[in-house]
Every structure is written in C-alpha cells, then in structure tokens.
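Notes for the one structure printed next.
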Amino acid sequence: SLLSKSGNLWFGSSQGVDLIPDNYPYKAGTPALFIKDFIVHGDVERKRNRIVPSDQVKLLYYENSFTIKLSAAEYTDPTRNKISAYLYYNRGVDSTVIIGTDSITYTNLAPGYYRFSFRATNSEGVWSGDVKSFEIIIKPPYYQTKWFRILALLFFTTIAFFGTRHLYRHKLQKKQL
C-alpha cells in the first residue's frame with residue numbers, strides 16, 4: 001500500500017492496483033457490543049465463570065457488588081465511542097453514560113430482580129440498533145424469604161397456642177385443688 005502526497009491510498013491486489021481517493025465517503029459502522037467480564041466483589045478467580053453466556057445471572061445476597069466490563073467494537077476513533085448502560089429494577093432505572101472507560105460498578109444492591117441493558121455509539125455519534133441485555137437476580141438471605149416468614153409465623157403461633165393451653169390447664173388444676 002502507498003499513501004500519495006495528495007492523500008490517496010493505493011493498494012496492490014491480484015486484480016491490479018486499487019485507488020481510494022482522499023475524499024472517499026467513509027461511513028463508520030455501528031459498534032458490535034460485548035460483555036468482557038462480570039466480576040463479583042473484585043474476585044479475579046471467579047470472573048472467568050461470570051462472563052454472561054446466557055440471559056440470566058444468579059447471585060447470592062452477599063454478592064451484591066459487582067463490576068461489568070463492556071466493549072463497543074468500532075475502531076474508527078475509539079476515544080469517541082460512548083456506552084450507555086441502564087439497570088432496571090422495580091423502583092426505577094439507573095442510567096449511566098460511560099465515556100473513556102469500559103466498566104461500570106454497582107455496589108450494595110438490594111436483593112431482587114434487575115435487568116442490565118447497554119448500547120453504544122460509534123465515533124460519529126450514531127447509536128447501535130442492537131441493545132444487549134441480561135437479567136441479574138440477587139437472591140435474598142434465608143431470613144428474608146417468604147418460606148422462612150411463613151415457618152416462623154407457624155412456629156410462634158404453635159408456641160403461643162401450646163403455651164396458652166398449658167397455662168389454662170395449670171389454672172384449671174389449681175382451681176380444682
């Protein structure tokens with residue numbers, strides 16, 4: 001290949017010589033979107049298993065802080081690419097625009113269902129039509145589950161019933177003496 005003084009690019013090929021003029025109308029494509037890493041509490045050992053291969057990631061209640069590393073593959077001028085990330089949950093939306101970095105960190109999220117989505121722009125500011133998203137489920141601790149509360153209520157109701165019954169029988173025996 002050769003760059004001439006006038007700014008034209010010359011390429012040799014099996015078909016002969018190809019010329020790309022200086023004023024060639026180049027249009028950058030929309031970036032391809034990738035999730036590079038999903039890191040829980042900075043745990044480097046487990047991050048290889050946490051890259052999102054499916055539409056859902058399940059975490060335990062103590063894994064409620066994580067970093068998602070994203071990539072928008074469009075290399076015309078990567079410094080001008082922007083990634084827009086959204087974390088949807090039942091109380092609203094956390095919207096973040098990432099410029100100049102490739103990661104976003106969430107800390108101390110409450111147990112529940114979340115949907116993480118992101119899209120990106122190329123160097124010309126054209127948004128990708130593709131939106132990548134996946135679900136993040138943070139399971140609550142056992143003492144915040146419905147089953148634990150039902151069993152606890154049943155346990156205390158049983159204790160109260162048998163305690164009251166015992167006191168009633170004790171009073172009845174005292175009365176008979």
Side-chain angles (χ1 to χ4, degrees), residues 28-167:
T30 56
L33 305 174
F34 299 101
I35 299 167
K36 294 192 305 188
D37 283 323
F38 189 92
I39 305 167
V40 178
H41 288 298
D43 193 350
V44 177
E45 291 299 314
R46 291 179 49 198
K47 79 176 180 181
R48 281 182 232 100
N49 298 329
R50 293 289 185 184
I51 297 174
V52 184
S54 65
D55 293 334
Q56 192 177 77
V57 174
K58 291 183 180 179
L59 302 171
L60 299 174
Y61 68 94
Y62 56 84
E63 298 177 310
N64 60 352
S65 297
F66 52 85
T67 298
I68 304 170
K69 290 193 175 188
L70 307 169
S71 175
E74 203 283 310
Y75 302 107
T76 307
D77 186 1
T79 60
R80 292 178 51 199
N81 291 350
K82 295 178 188 171
I83 298 174
S84 182
Y86 304 91
L87 185 67
Y88 299 94
Y89 51 101
N90 60 355
R91 291 180 300 276
V93 177
D94 174 38
S95 174
T96 306
V97 176
I98 305 169
I99 303 171
T101 184
D102 66 346
S103 64
I104 185 165
T105 300
Y106 294 101
T107 56
N108 297 324
L109 292 176
Y113 294 89
Y114 299 87
R115 175 153 291 284
F116 180 78
S117 299
F118 74 101
R119 63 186 190 143
T121 66
N122 62 11
S123 59
E124 295 176 355
V126 177
W127 286 99
S128 61
D130 187 23
V131 175
K132 292 277 187 184
S133 67
F134 61 93
E135 191 174 76
I136 301 169
I137 300 172
I138 301 176
K139 294 181 179 182
Y142 73 90
Y143 53 84
Q144 289 181 354
T145 62
K146 287 181 187 177
W147 289 110
F148 179 80
R149 290 178 180 168
I150 290 169
L151 289 174
L153 179 65
L154 185 63
F155 175 76
F156 288 117
T157 303
T158 304
I159 294 289
F161 173 75
F162 285 111
T164 306
R165 185 175 169 197
H166 177 70
L167 286 175

Taken in chain and number order and not counting sequence neighbours, the residues that satisfy side chain to side chain donor-acceptor pair (under 3.5 Å) with Q144 are none
Between the CD1 atom in I83 and the CZ atom in F118, the distance rounded to the nearest 0.5 Å is 6.5 Å
For K69 and I39, the nearest pair of non-hydrogen atoms, with its separation, is CE-CD1, 4.2 Å
What's the verdict on ring pair (Phe, Tyr, Trp, His ring centres under 6.0 Å) for F134 and F116, showing C-alpha distance, side-chain angles and the deciding distance? CA-CA 6 Å; F134 61 93; F116 180 78; 5.6 Å; yes
**Q.** Aromatic ring proximity, centroids under 6.0 angstrom, F148 and Y142
**A.** yes
Between V40 and E63, the two heavy atoms sitting closest are CG1-CB, 3.5 Å
Heavy-atom nearest pair, Q56 first then I137, reads NE2-CD1, 3.3 Å
Under 3.5 Å: donor-acceptor pair, side chain of H166, backbone of F161 = no
L33 and R119 have their tightest heavy-atom pair at CD1-CA, 3.9 Å
Value for OH (Y61) from NZ (K139), rounded to nearest 0.5 Å, stands at 13.0 Å
Side-chain donor or acceptor of N122 paired with backbone N/O of E124 under 3.5 Å:
yes
Do S84 and Y86 pair up side chain to side chain, a donor and an acceptor below 3.5 Å, judged on atom types alone?
yes
Across all chains, not counting sequence neighbours, the ring pair (Phe, Tyr, Trp, His ring centres under 6.0 Å) partners of F34 are none
Quick one: are P141 and P111 in side-chain contact, heavy atoms under 4.5 Å? yes
So OG of S103 and CZ of F66: to nearest 0.5 Å the spacing works out to 12.5 Å
Correct closest heavy-atom pair for P140 and T145 would be CG-CG2, 4.1 Å
Smallest heavy-atom separation, A120 atom then A72 atom, equals CB-CB, 3.5 Å
Report yes if some heavy atom in the side chain of F38 is under 4.5 Å from a heavy atom in the side chain of I136; otherwise report no.
yes
Residues 105-117 vs side-chain hydrogen bond (donor to acceptor under 3.5 Å, both in side chains), sequence neighbours excluded, gives T67-T105, R115-S133
Partner of I68 under side-chain contact (heavy atoms from CB on, under 4.5 Å), picked from I104, L87, D102, is I104
Output for pair (K82 NZ, W127 CH2), nearest 0.5 Å, gives 7.0 Å
